[in-house]
Amino acid sequence: MREAVSLVDFNKDTRIGFGRPSIGKEEISEVIDSLRSGWLSSGPKVEKFEHLFRFFSGSRYACALNSCTAALHLSLIVSGIGKGDEVITTPFTFAATANAVVNAGARPVFVDIEKGSMNIDHRLIEGKITGRTRAIIPVHFAGRPCNMAKIMTIARKYKLTVIEDAAHALGAEYRGKKVGALGDLTCFSFYANKNITTGEGGMVTTNNAEWAKKIRALSFNGLDRCAWKRHSRADLRPYRVIFPGYKYSMMDLQAAIGIQQLKKAEHFLRRREKIWKIYDKGFAGLPVSTPSLPEPDTRHARHLYTLLVDINKISRNRFRQALYEKRIDSGIHFIPLHLQPYYRKALGCRYGDFPNSEFISERIVSLPLSSSLTDKEVDSVVSNVRKIFNN
């Protein structure tokens, strides 16, 4: 398989980057086309990107936004979630998941993860449902789909909205359906290290026409029509403010990158799958746990490759320091939210509340994984990880 080649020199200091994007001549040409067009803000390329993404995800509607955080926030708002409501999610996620709940006026309620999948443990959800529960936000950690059949069954039983946090899961599939057409709303991220990127950016997919219409309006300061629709059509009616909205819209400059990235999404994922297999084979026999894969009828998006280090052999921080000294970047995904200062205080959380999340967090290291990694770089990661443990 042809390796992705970047036209931008990201390796001037010869480090192996953690999540280096793969940007080619197609993306650059598309951005130049936008610059020459004179239309830089949300316009025709955003419309095209949304159109392509609908077909890619299998959803009826796709709304492009400036981040996955914005996608989560607006999904909560259109679901009618606000002050006094509760939303069930996992503490083993990035801050944006719970922050969006708080900023919608609601209260996040955490449920621990399964050790194997590192996804929310569906068996614990019903025990956290109260009369104030309005939604569930499952997080597809590292690109592995959650058990959506069980989660949707619980949600329908209690009349709850399911908002998927699919920031890691572009291209993932669950029982023959793409992530993006499973829950009531699905939120994607196109941040720089994601499977496809627009630099910054996000997307909401849904099959609910009213929700999609409201998300669009809310993302344009609550206006009934964006600037592109006002100026590109023979419709001279003045705009109306129908909601107290936000400035969450995506620019055409971002969508220009996304249009070309989405065309390469399958190629990128196959490259990630190839690197994943090399890592699995290369780390065999070391005092680490490699990621487990989902059921045969699902497809992992391979966003993060995570090792669980045997901390009786070496501390996680010492392992990361050794990688750094060998010019290999790494990450920690995640320090659980219930141990973060704000949520400790706001929710009254303490160490011991979610033992599986804590166990994983103390051991986890995310290694470089990107479609732009060369075979030489992948081999270097494997050989240096082995050297660290052998020494």
Side-chain angles (χ1 to χ4, degrees), residues 53 57-111 113 119-120 122 125-126 128-130 132-141 143-170 172 174 177-190 202-216 218-219 246 248 301 337:
F53 205 88
S57 64
S59 61
R60 290 180 62 192
Y61 305 99
C63 305
L65 302 167
N66 62 14
S67 68
C68 186
T69 305
L72 289 162
H73 187 205
L74 294 189
S75 293
L76 289 158
I77 290 173
V78 300
S79 301
I81 292 165
K83 187 175 181 180
D85 294 334
E86 294 178 350
V87 177
I88 291 174
T89 190
T90 165
F92 197 69
T93 183
F94 186 56
T97 312
N99 288 355
V101 176
V102 173
N103 288 322
R107 178 183 177 88
V109 175
F110 294 138
V111 168
I113 59 172
N119 282 333
I120 190 168
H122 65 86
I125 291 175
E126 283 195 86
K128 294 294 184 79
I129 294 174
T130 71
R132 294 181 295 277
T133 307
R134 295 290 177 268
I136 304 171
I137 302 181
V139 178
H140 303 297
F141 177 76
R144 174 176 178 151
C146 295
N147 191 325
M148 291 303 295
K150 297 290 187 181
I151 290 170
M152 294 304 295
T153 297
I154 294 168
R156 296 299 173 250
K157 178 179 177 181
Y158 293 94
K159 296 181 171 59
L160 306 177
T161 303
V162 175
I163 302 169
E164 296 174 75
D165 184 334
H168 293 180
L170 184 135
Y174 178 81
K177 294 181 71 174
K178 281 276 183 72
V179 168
L182 300 170
D184 298 304
L185 300 118
T186 308
C187 303
F188 294 91
S189 171
F190 308 128
M203 187 80 74
V204 178
T205 58
T206 183
N207 290 329
N208 187 308
E210 287 302 311
W211 284 350
K213 183 179 179 180
K214 190 171 183 180
I215 286 170
R216 293 187 195 285
L218 285 168
S219 71
Y246 308 88
Y248 281 169
L337 294 183

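In this structure, NE2 on H168 lies 9.0 Å from SG on C68, to the nearest 0.5 angstrom. Between C63 atom SG and K214 atom NZ the span is 13.0 Å, to the nearest 0.5 Å. Rounded to the nearest 0.5 Å, atoms CZ (F53) and OG1 (T205) are 6.5 Å apart. A distance of 11.0 Å separates CE of M152 from CD1 of I154, quoted to the nearest 0.5 Å. The CZ atom of R134 sits 11.5 Å away from atom CD1 of I88, with the distance rounded to the nearest 0.5 Å. To the nearest 0.5 Å, atom OG of residue S59 and atom CG of residue L182 are 10.5 Å apart.
Side chains of W211 and D184 form a contact here, defined as non-hydrogen atoms less than 4.5 Å apart. Side-chain atoms of M148 and E164, non-hydrogen and from C-beta on, do get closer than 4.5 Å to each other.
C187 pairs with exactly one of D165, T206, I163, I137 by the side-chain contact (heavy atoms from CB on, under 4.5 Å) rule, that one being I163. Each of V139, T93, I125, N147 was scored for a side-chain contact (heavy atoms from CB on, under 4.5 Å) with I120, with one residue passing: I125. In summary, of the residues considered (D85, T161, L160), a side-chain contact (heavy atoms from CB on, under 4.5 Å) with S79 occurs for T161 alone.
The heavy-atom pair separating Y158 from E126 by the smallest distance is OH-OE1, 2.6 Å. Here the shortest heavy-atom pairing between L337 and F110 reads CB-CZ, 3.8 Å. Across all their heavy atoms, A172 and P145 have their closest contact at CB-CG, 4.0 Å. When all heavy atoms of T186 and A181 are compared, the closest pair comes out as OG1-N, 4.5 Å.
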Check residues 71-78 and write down every donor-acceptor pair under 3.5 Å in which the side-chain atom is one partner and the other belongs to a residue at least two apart or another chain.
from: H73; atom 1: ND1; to: Y248; atom 2: OH; distance (Å): 2.9
from: S75; atom 1: OG; to: A71; atom 2: O; distance (Å): 2.7

Legend entry - side chain to side chain contact (heavy atoms under 4.5 Å, CB included) assessment of N119 paired with R144: CA-CA 8 Å; N119 282 333; R144 174 176 178 151; 3.9 Å; yes
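By the salt bridge (Lys or Arg N to Asp or Glu O under 4.0 Å) test, R60 pairs with no residue at all, sequence neighbours left out.
When the shell of 6.0 Å around OH of Y61 is examined, it contains more than 12 heavy atoms from other residues, nucleotides or ligands.
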